Amino acid sequence: MIYVFTLDSTTRRGISKNIDMHGYFTHVLPPGLPDPYPKGNIALLFVRYDKEERGILPGVYLEKLGVVLNPRGEKVATVGKRIKIDLLRSIGGLLPLDTLVQRLDFDLAARLRVATESGVYPMAKEEGELVLSALRSTSDWLSDLLTYLDDVLDRDHLDEGHPGDAFRLEERDALRVAARIGGFSSASLEVWKRPSDAGAPYLAGLIREPTEQALIEQDVHPLVDWAADLGQRRRSDIDVLTDGDRRLEIANVNATSVEARLGTDLIYYHHNTRSFVFVQYKRLPLGEKHIWVDKRLRCQLDKLERVAALSAQPVSSEDWRLSSDPCFVKLAQWTPDDDSLSMAPTRGLYLPISYVRLLLADPRTHGPRGGVRLGYDTVTRYLANTEFIELVKTGLVGTVGTTVEALDKLVTERVAEGRGVVVTVERSKETAADRQARNRSRGGRRKRSTSPPKHRTEPLF
């Protein structure tokens, strides 16, 4: 089954930022339509122009292809459910519907025309495959793009019981958290095949896009060759997200086998303000509400307190933070029925290090035999994903004046100790005030421009 979506040009202009910059849009499926396939569906986005606009003649044009990654969607009152179409990619111009239907037999051409008059229309599997086959025949570009989207739907899913996937779950969660902090779509980070190397990190399994934009994005020149001093012991996999103005450079760095790895760290560094936050993952055992604090965790707390010393004293109002705590522990728990399609960070407790110290001394965390427990049943106040992410997004937590050199030294030390480190660096010209304004405008999206959006006006075919 493929889904055919058709927007009028006015609606398309109204959501152009989401479509063109963030690569997604949402649509409500009315009751009665068949559900998308469990593995997802390829989506075709047509736009209808009722009058000439910016050189585009009246008509219906195929503009983008994408996928429904989460077929479950979300319930919308009693009117159906809302689904999200992700990984929207331009076909390189505009393909007139009249040109496409010439490649189809008479009956199928008529049904495709009906589909584009319906707002949203699911085509049966056999018919959809014929439409996609016709698209493949129009250009190598579209053939490669459709092959990529097929791979997206055939992606692998993480399994905690599989060797190496326990750490990859932590690494993927770190990527999801980082993408939400930066306001970037993480859909491309979900497109994953299990690497042949059992010890390879999560980023090593990403399925790369064949598009020109992807080639540009993958020509990454990292801010630092992270942990280069570790030489052949080190492995560093790299990816990048961009919204056109800002870049989120991602490195997945480790120097030990999966069996010897001690855990996962997330570092989010805002380059322009020279500030980072640090998250160390601790796994809540399946079925348990808490972890027992051991000697290793206490030793890690000592090290994280030394990490906080990388922060300088604030010298301007933009340097002010809610606290001097840049380091957090995330107690996270994955369950077999976790919804891997939601692309949301796994639930957990974010605990600042100074707060953990107080918890260790709190009688309420002490067990009957003298041990200390941290978890949902002993910690009544904590930051959840949304609260933590908002604090980082607005620059209210994090270090002050941390140099890239100091950050590189920290990464090298953590990797040498057997940790896997997900380093994310946001690069832009934004000041702290600019970032605040962007986050506050339309829930983190930039304000719409009053000028017409840039658009390729020449049909391809």
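Predicted model, so just to flag it, every value in this text is computed and none were measured.
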Item to check | Given D173, T386, L175, the one that forms side-chain contact (heavy atoms from CB on, under 4.5 Å) with P345 | outcome: D173
Checklist entry - To the nearest 0.5 Å, how far apart are CD in Q280 and SG in C327? => result 9.0 Å
Item to check | Donor-acceptor contact present, side-chain Y355 to main-chain R381, <3.5 Å | outcome: yes
Next on the checklist: Using modelled atom types and a 3.5 Å cut-off, is there a donor and acceptor pairing between side-chain atoms of T147 and backbone atoms of S143?
Outcome noted: yes
Checklist entry - Would a 4.5 Å heavy-atom cut-off, applied to side chains only, mark H27 and Y3 as touching? => result no
Item to check | From OG (S354) to CG (L304), nearest 0.5 Å | outcome: 12.0 Å
Checklist entry - Got a second to check how far R155's CZ is from K193's NZ, nearest 0.5 Å? => result 10.0 Å
Checklist entry - So Y269 and V404, side-chain contact (heavy atoms from CB on, under 4.5 Å) or not? Walk me through it. => result CA-CA 9 Å; Y269 183 68; V404 172; 3.9 Å; yes
Item to check | Non-hydrogen atoms of L132 and L146 that approach each other most closely | outcome: O-CD1, 3.7 Å
Checklist entry - Taking all atoms of both residues into account, what is the closest heavy-atom pair of L69 and A187, and its distance? => result CD1-CB, 4.1 Å
Checklist entry - Could R419 and E417 be called an ion pair, given the rule that one side-chain N must be under 4.0 Å from one carboxylate O? => result no
Checklist entry - Any side-chain donor paired with an acceptor under 3.5 Å for S137 and R103? => result yes
Next on the checklist: V329 vs I353, test: side-chain contact (heavy atoms from CB on, under 4.5 Å). Steps then yes/no.
Outcome noted: CA-CA 7 Å; V329 173; I353 299 306; 3.8 Å; yes
Item to check | Side chain N439, main chain R435, donor-acceptor under 3.5 Å | outcome: yes
Next on the checklist: Would the distance check show the side chain of S90 and the main-chain N or O of G92 forming a donor-acceptor pair, the cut-off being under 3.5 Å?
Outcome noted: yes
Checklist outcome for this item: Smallest heavy-atom separation, Y49 atom then L57 atom, equals CB-O, 4.1 Å
Next on the checklist: Checking the side chain of R246 only, and the main-chain atoms of E430 only, is there a donor and an acceptor separated by less than 3.5 Å?
Outcome noted: no
Next on the checklist: Could you measure the distance from the CZ atom of R176 to the CG atom of L266? Nearest 0.5 Å is fine.
Outcome noted: 14.0 Å
Item to check | Counterpart residues, salt bridge (Lys or Arg N to Asp or Glu O under 4.0 Å), relative to R194 (two or more places apart) | outcome: D165
Next on the checklist: Could you report the tightest heavy-atom contact between V400 and S311, atom names first, then the distance?
Outcome noted: N-OG, 2.8 Å
Next on the checklist: Do L158 and W334 make a side-chain contact, defined as non-hydrogen atoms from C-beta onward lying under 4.5 Å apart?
Outcome noted: no
Next on the checklist: How long is the straight-line distance from CG of L97 back to OH of Y61, given to the nearest 0.5 Å?
Outcome noted: 10.5 Å
Next on the checklist: Please check this pair: side chain of R321 against backbone of G398, looking for a donor-acceptor N/O pair closer than 3.5 Å.
Outcome noted: yes
Next on the checklist: Looking at Q313, I want to see if its CD is surrounded by more than 12 non-hydrogen atoms of other residues, nucleotides or ligands under 6.0 Å.
Outcome noted: no
Checklist entry - Quick one: are L241 and L189 in side-chain contact, heavy atoms under 4.5 Å? => result yes
Item to check | ring pair (Phe, Tyr, Trp, His ring centres under 6.0 Å) partners of residues 385-435, not counting sequence neighbours, each pair once | outcome: F328-F388, Y350-F388
Checklist entry - Between R283 (side chain) and A166 (backbone), is there a donor-acceptor pair under 3.5 Å? => result yes
Item to check | Sub-4.5 Å side-chain heavy-atom contact between N254 and F167 | outcome: no
Checklist entry - Does any pair with a residue in residues 137-153 pass salt bridge (charged side-chain N to carboxylate O under 4.0 Å, His left out), and if so which ones, sequence neighbours excluded? => result R136-D150
Item to check | Student check: side-chain heavy atoms of R12 and E63 closer than 4.5 Å | outcome: yes
Next on the checklist: Does the Lys NZ or Arg CZ of R414 fall within the cation-pi geometry relative to F278 - under 6.0 Å from the ring centre and within 45° of the axis?
Outcome noted: no
Next on the checklist: Do the side chains of R113 and D98 get close enough for a salt bridge, i.e. N-O under 4.0 angstrom?
Outcome noted: yes
Item to check | Side-chain (T394) to main-chain (E390) donor-acceptor, under 3.5 angstrom | outcome: yes
Checklist entry - So D319 and R274, salt bridge (charged side-chain N to carboxylate O under 4.0 Å, His left out) or not? Walk me through it. => result CA-CA 10 Å; D319 292 336; R274 300 201 304 168; over 6 Å; no
Next on the checklist: Quick one, P195 and R168 - any side-chain contact, counting heavy atoms below 4.5 Å?
Outcome noted: yes
Checklist entry - Are L203 and I238 side-chain neighbours, meaning at least one heavy-atom pair lies under 4.5 Å? => result no
Checklist entry - Are the side chain of T399 and the backbone of F276 linked by a donor-acceptor contact shorter than 3.5 Å? => result yes
Checklist entry - How far does CD of E190 sit from CG of D86, to the nearest 0.5 angstrom? => result 9.0 Å
Item to check | Identified side chain to side chain donor-acceptor pair (under 3.5 Å) partner of K330 from the options N385, T346, T264 | outcome: N385
Checklist entry - Between E171 and R261, does at least one N-O distance fall below 4.0 Å, as a salt bridge requires? => result yes
Checklist entry - Can you list the steps and then say if V152 with I207 is a side-chain contact (heavy atoms from CB on, under 4.5 Å)? => result CA-CA 8 Å; V152 170; I207 301 173; 5.9 Å; no
Item to check | Derivation and outcome, side-chain contact (heavy atoms from CB on, under 4.5 Å), residues T424 and I181 | outcome: CA-CA 10 Å; T424 58; I181 291 172; over 6 Å; no
Item to check | L153 side chain near L149 side chain, heavy-atom distance below 4.5 Å | outcome: no
Checklist entry - For A384, does its backbone N or O pair with a side-chain atom of E387 as donor and acceptor, under 3.5 Å? => result yes
